Engineer: 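My structure is below; once you've seen it, I'll send some questions.
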Amino acid sequence: MTSHSRDTTRVSVLGLGAMGLPMATRLGQSFDVHGFDVNESRRLLAAREGVSVHESARLAAAEADVVLIAVRNEQQLIDVLFGPVGVVDVLTSEAVVVLTSTVGMAAIPETAMRLDHLGISFVDAPLSGGAVRAAEGDLLILVGGTPQSIGLARSVLDSLSSTLTIVGDRPGDGQALKTVNQLLCGVHIAAAAEALALADALGLKREAALEALELGAAGSFMLSNRGPRMLAAYDANPPEVMSRLDIFVKDLGIVGTATRSLGLAAPVSAAAEQLFLLAKAQGLSAEDDSAVIRAIAPKLNAD
């Protein structure tokens, strides 16, 4: 959808954090977008970016056709929908709730059932790609939902994504594939950190080693994307937080819960989870996830 073509769909974005805000600004190019975040500083920033900001989730969601939820975890999802000031009471039966967060599969069936009893459609649509790609409409979105529910949200999902994968017709199918996705992403980040720490310990030129690894069979998206930020994590001014480290603590915890419930051995992802937990224990939770390298190598050798 081009930026000059306005859609009459009213979209509410609940959660204007690292992903919610760039999604809201992207959607604002084509839709009537209203937003809310519990953090006042995020509301002020969203307002400066042109989002119609409200003082409560209910005010933001009133009269919405599509309610996009970008929260951190399962409890926040339950609270924003069904809590004391939850939004379900102001939604119409024509509305569709779209969950973009990675919260795991456990809460999804009951959430979908409660919304269905109220006549409200629900689409499970966790995404991958980071803040920059969110602002550009270049996300991978993994969708679980009925064809009718997806149809209600399709124009919004298309505006945010370059790859929209319909995983299945059940809410929860998107979360399931996102769990698999996060297993790989977490392991790749941890492996990149180990590799670059080893290259440094061996006395290799860090930037040259990274460039060579990217060009060979060892290359990966995470190595190319996080590698430069890992090397910059030791600078006086560390890289901008594009994806908080504690997000992978949460996501690899979801992976572990899923694999244990299935009796499936997953030793590599479990080791990656321990590395992120170690970094969290070292006070790196709010830093970019590339800072996980500092849990392995507290400092890199001087050139």
Side-chain angles (χ1 to χ4, degrees), residues 11-24 27 33-46 51 53-62 64 66-91 95-115 118 120-128 130-131 134 139 141-142 144-145 153 156 160 171-172 174-176 178-179 181-182 241 243-258 276 280 285-286 289:
V11 181
S12 171
V13 179
L14 304 181
L16 299 168
M19 293 298 291
L21 180 53
M23 287 194 291
L27 292 171
V33 176
H34 298 255
F36 171 75
D37 194 281
V38 294
N39 189 317
E40 183 181 6
S41 66
R42 299 302 296 183
R43 296 199 301 272
L44 292 172
L45 181 57
V51 178
V53 175
H54 298 264
E55 292 300 311
S56 74
R58 284 188 176 184
L59 288 173
V66 180
V67 178
L68 203 72
I69 298 181
V71 294
R72 182 164 295 191
N73 54 40
E74 174 184 331
Q75 188 57 55
Q76 289 184 359
L77 168 66
I78 300 303
D79 288 345
V80 75
L81 286 174
F82 309 112
V85 291
V87 302
V88 290
D89 292 338
V90 302
L91 299 183
V96 57
V97 171
V98 180
L99 174 64
T100 66
S101 310
T102 302
V103 301
M105 295 163 281
I108 302 304
E110 183 178 355
T111 298
M113 180 180 66
R114 292 177 71 176
L115 289 172
L118 296 169
I120 300 168
S121 299
F122 179 57
V123 175
D124 168 31
L127 46 84
S128 181
L139 294 170
I141 304 182
L142 307 171
V156 169
L160 292 172
Q175 294 291 326
K178 184 62 186 297
T179 300
N181 184 85
Q182 294 308 87
V241 177
S243 174
R244 281 175 55 121
L245 186 141
D246 58 5
I247 295 296
F248 269 99
V249 173
K250 169 184 68 77
D251 288 359
L252 288 172
I254 290 171
V255 171
T257 297
F276 279 97
K280 178 182 177 181
S285 290
D289 58 34

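All values below were derived from every heavy atom in this structure, side-chain atoms included, with hydrogens, water molecules and symmetry-related copies excluded. These figures come from a predicted structure and were not determined experimentally.
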Engineer: Would you say V255 and F248 make side-chain contact, with heavy atoms under 4.5 Å?
Structural biologist: no

Engineer: Please collect all side chain to side chain donor-acceptor pair (under 3.5 Å) contacts where either partner lies in residues 103-115, sequence neighbours excluded, each pair once.
Structural biologist: none

Engineer: Test your reading of the model: is there a side-chain donor-acceptor pair from R244 to the backbone of D289, 3.5 Å cut-off?
Structural biologist: no

Engineer: Return the minimal non-hydrogen interatomic distance between A60 and L14, and the atom names on each side.
Structural biologist: CB-CD2, 4.0 Å

Engineer: Within a strict 4.5 Å, meaning less than it, do heavy atoms of the F276 and D251 side chains meet?
Structural biologist: no

Engineer: Could you tell me whether the side chain of V123 reaches within less than 4.5 Å of the side chain of V96, counting heavy atoms only?
Structural biologist: yes

Engineer: Please tabulate, for side-chain N and O atoms in residues 71-78, each donor-acceptor pair with protein atoms closer than 3.5 Å (sequence neighbours left out).
Structural biologist:
| from | atom 1 | to | atom 2 | distance (Å) |
| --- | --- | --- | --- | --- |
| N73 | OD1 | Q75 | N | 3.3 |
| N73 | OD1 | Q76 | N | 2.9 |
| Q75 | NE2 | D79 | OD1 | 2.9 |
| Q76 | OE1 | R72 | N | 2.8 |

Engineer: Got a donor-acceptor contact below 3.5 angstrom from the T102 side chain to the P126 backbone?
Structural biologist: no

Engineer: Any idea which heavy atoms bring V241 and A286 closest together, and the distance?
Structural biologist: CG2-O, 3.6 Å

Engineer: Output the distance between atom CE (M19) and atom OG1 (T100), rounded to the nearest 0.5 Å.
Structural biologist: 7.5 Å

Engineer: Quick check for you: to the nearest 0.5 Å, what is the distance between K178 atom NZ and I141 atom CD1?
Structural biologist: 10.5 Å

Engineer: Minimum heavy-atom separation for A46 to V53, with atom names?
Structural biologist: CB-CG2, 3.8 Å

Engineer: Of all heavy-atom pairs between I120 and A95, which one has the smallest distance, and what is that distance?
Structural biologist: CG2-O, 3.8 Å

Engineer: Does the side chain of V51 come within less than 4.5 Å of H34's, by heavy atoms?
Structural biologist: no

Engineer: Indicate the atoms forming the closest heavy-atom contact of L252 with Q182, along with that distance.
Structural biologist: CD2-O, 3.8 Å

Engineer: Under the criterion side chain to side chain contact (heavy atoms under 4.5 Å, CB included), I'd like the reasoning laid out for V66 against V98: C-alpha separation, chi angles, the key distance, then a yes or no.
Structural biologist: CA-CA 7 Å; V66 180; V98 180; 3.9 Å; yes

Engineer: Grab the two heavy atoms, one from H54 and one from F36, that are nearest each other, plus how far apart they are.
Structural biologist: O-CD1, 3.3 Å

Engineer: Looking at side-chain heavy atoms only, is the closest gap between L27 and L68 below 4.5 Å?
Structural biologist: yes

Engineer: Hey, mind stepping through L45 and L16 against side chain to side chain contact (heavy atoms under 4.5 Å, CB included) and telling me if it holds?
Structural biologist: CA-CA 9 Å; L45 181 57; L16 299 168; over 6 Å; no

Engineer: Treating D124 as the side-chain partner and G144 as the backbone partner, does any N or O pair qualify as donor plus acceptor under 3.5 Å?
Structural biologist: no

Engineer: Could you check if a side-chain atom of V67 sits within less than 4.5 angstrom of a side-chain atom of L91, using non-hydrogen atoms only?
Structural biologist: yes

Engineer: Measuring only between side-chain heavy atoms, which start at C-beta, is L81 closer than 4.5 Å to V87?
Structural biologist: yes

Engineer: Are T179 and M105 side-chain neighbours, meaning at least one heavy-atom pair lies under 4.5 Å?
Structural biologist: yes

